[in-house]
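Written out below as structure tokens is the structure these notes cover.
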Amino acid sequence: MRLHGIQDAETGSPREILQLGYQYGFINDSTVWLLMLKKRNTSVHIYNTVISRYFRCRV
């Protein structure tokens, strides 16, 4: 964002960056990106093989 002159990101959290990217037109569908972020955050803490395969097939 900073490379494009956008200084609005206060925390630099992934959610904040995605929302700003949508606001400034870098991404078209924020819903899809936020869902991807949610699934990524969920999958990081999965230790069950069956569930991990389910997420792996959707990436």
Side-chain angles (χ1 to χ4, degrees):
M1 295 295 216
R2 291 185 188 131
L3 291 174
H4 295 283
I6 300 170
Q7 302 295 326
D8 295 342
E10 293 178 15
T11 64
S13 73
R15 178 176 299 280
E16 182 182 32
I17 297 301
L18 288 172
Q19 290 172 335
L20 283 172
Y22 177 73
Q23 180 181 345
Y24 283 95
F26 290 111
I27 58 176
N28 295 327
D29 191 351
S30 66
T31 305
V32 170
W33 284 91
L34 292 173
L35 180 60
M36 178 196 65
L37 177 63
K38 181 177 180 179
K39 287 183 178 184
R40 182 254 173 219
N41 290 341
T42 302
S43 67
V44 170
H45 301 287
I46 293 176
Y47 303 101
N48 182 305
T49 305
V50 175
I51 296 172
S52 67
R53 287 184 184 147
Y54 170 81
F55 276 102
R56 186 179 68 205
C57 292
R58 277 143 186 82
V59 174

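These values consider heavy atoms only, across backbone and side chains, with no hydrogens, waters or symmetry-generated copies. Values in this document were obtained by computation on a predicted structure and should not be read as measured data. Residues: numbered from 1 along the sequence shown.
Between the CE atom in Met36 and the CG atom in Asn41 there is a gap of 9.5 Å [rounded to 0.5 Å]. Atom CG of residue Leu37 and atom OG of residue Ser30 lie 11.5 Å apart, to the nearest 0.5 angstrom. In this structure, CD1 in Ile17 is found 10.5 Å from CZ in Phe26, a value given to the nearest 0.5 Å. Rounded to the nearest 0.5 angstrom, Tyr22 OH and Asn28 CG are separated by 8.5 Å.
When all heavy atoms of Ile27 and Leu18 are compared, the pair lying nearest together is CD1-O, 3.3 Å. Between Glu16 and Asp8, the shortest heavy-atom distance links the atoms OE2-O, 3.9 Å.
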